[in-house]
Amino acid sequence: MNRLNFNQSVGFPLETDILDEMQTSWSILNALGNIAGNFTILQGCIVAGTTVSDGTVFINGEVIEFKGGQAQENVIIIEQKEALEFEDGNANDVIYKRYATFGAATTQWPWAGFTRPLETKLIAEFLADKEDKTTVDALLERVTVLENRPSNIPIGLIAIWDRPAAEIPDGWQEYVDLRGRMPLGHTPDDTEFSSLRSSGGAKNKTLSLAELPAHFFTYLKAVAGRGYRTASDDNPYGASENANTNTVGENKAFSLMNPYRIVHFIKYTG
């Protein structure tokens with residue numbers, strides 16, 4: 001920053017160029033507002049209900065006083081000129097007083113766009129609360145996945161996959177609950193099929209005696225004239241009129257499986 005040495009033993013030549021240099025020196029302070037950024041509240045401007053207090057703001061490279069009042073939608077800059085009389089008797093504009101306030105004009109800025117910057121003493125604490133780059137990158141990747149997710153496929157949809165498990169596409173996983181099973185429609189009014197995600201059934205079945213169809217065997221009893229061993233023996237097979245045939249069958253279970261094809265059932269997870 002430029003400086004002036006006023007302490008001279010022979011006086012000081014206070015001319016207009018010196019005053020202009022002084023104005024240049026303090027005008028450079030406007031650059032400090034860029035630290036906070038455009039349309040920021042540097043000091044004051046406390047909102048209380050529908051009113052805003054006085055303060056200081058930074059607008060388009062200028063640190064400028066803000067005169068508060070009843071809050072309005074837009075902020076404008078007002079410039080008031082003050083003329084002084086010169087030695088030649090003429091009055092010229094000399095003093096320019098500028099301030100920002102609420103109002104309407106050709107050039108205006110929305111009050112909602114003014115923000116209060118983070119105090120420098122809080123930067124370290126603020127950075128400590130920020131996530132590291134790895135976490136942020138992971139979150140961005142998740143957002144990308146969500147943005148690319150098909151909107152017309154509901155999460156939880158079960159589909160048939162006739163390819164190897166290693167080729168199941170992203171967003172899907174094997175639905176292991178259907179391994180070795182076939183799906184059956186939910187039936188609310190049938191107690192056997194009314195509980196969603198319940199399972200039952202078996203691949204094989206062994207019939208019990210009660211499950212055999214009702215049947216009987218007809219055979220000829222040993223009576224007179226039918227194969228006697230002696231003429232006097234009316235029942236050579238004993239006093240009972242019943243006799244068992246030879247046992248047949250091996251009591252093996254039989255398959256209940258319909259014709260099938262092995263596939264993967266996969267579930268959409270998003």
- Item | E65 with R98: basic N within carboxylate O range, under 4.0 Å |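 Not counted as a salt bridge, because no side-chain N and carboxylate O are separated by less than 4.0 Å.
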- Message: Under a 4.0 Å threshold between the charged nitrogen and the carboxylate oxygen, would E211 count as salt-bridged to K205?
- Response: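 Salt bridge: yes.
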Okay, side chain of [X], backbone of [Y]: is any donor-acceptor separation there less than 3.5 Å?
X	Y	answer
S194	D189	no
S255	N204	no
Q108	A105	yes
W111	F114	no
R181	G200	yes
R163	H264	no

- Could you verify whether a donor N or O on one side chain and an acceptor N or O on the other, from T50 and Q70, lie under 3.5 Å apart?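 Yes, Q70 and T50 have a side-chain donor paired with an acceptor closer than 3.5 Å.
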Nearest 0.5 Å please: distance from the [atom1] atom of [X] over to the [atom2] atom of [Y].
X	Y	atom1	atom2	result
T40	R116	OG1	CZ	10.0 Å
L184	M182	CG	CE	7.5 Å
W161	E167	CH2	CD	6.5 Å
E147	L140	CD	CG	9.5 Å

- Query: Between F66 and F102, does the ring centre distance come in under 6.0 Å?
  - Reply: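 Yes, the ring of F66 comes within the 6.0 Å limit of the ring of F102, centre to centre.
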Residue [X] excluded, over 12 heavy atoms near [atom1] under 6.0 Å:
X	atom1	value
D93	CG	yes
E62	CD	yes
E192	CD	no
E141	CD	no

Can you find a pair of side-chain heavy atoms, one from [X] and one from [Y], that are under 4.5 Å apart?
X	Y	result
F58	I41	no
Y96	Q80	no
L84	E82	yes
F39	V75	no
E85	N90	no
I77	W109	yes
T206	F254	no
T101	I78	yes

Side-chain heavy atoms nearer than 4.5 Å, only ILVMFWY residues, links allowed to pass through others: does that put [X] and [Y] together?
X	Y	answer
I160	I158	yes
V47	V57	yes
L157	I155	yes
Y99	I76	yes
F86	I95	yes

Where is the tightest heavy-atom contact between [X] and [Y], given as atom of each residue plus distance?
X	Y	result
A71	V52	CB-CG2, 4.0 Å
A159	W172	CB-CZ3, 3.9 Å
A36	L42	CB-CD2, 3.7 Å

- Message: Pair Q43, D54 - check side-chain contact (heavy atoms from CB on, under 4.5 Å), show working.
- Response: CA-CA 9 Å; Q43 179 267 333; D54 295 344; over 6 Å; no
- Message: Within 45 degrees of the ring normal and closer than 6.0 Å to the centroid, is that where the cationic atom of K267 sits relative to Y175?
- Response: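 Verdict for Y175: no cation-pi partner in K267.
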- Residue of the set N38, N30, T107 for which side chain to side chain donor-acceptor pair (under 3.5 Å) holds with N60: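 With N60 as partner, side chain to side chain donor-acceptor pair (under 3.5 Å) holds for just one option, N38.
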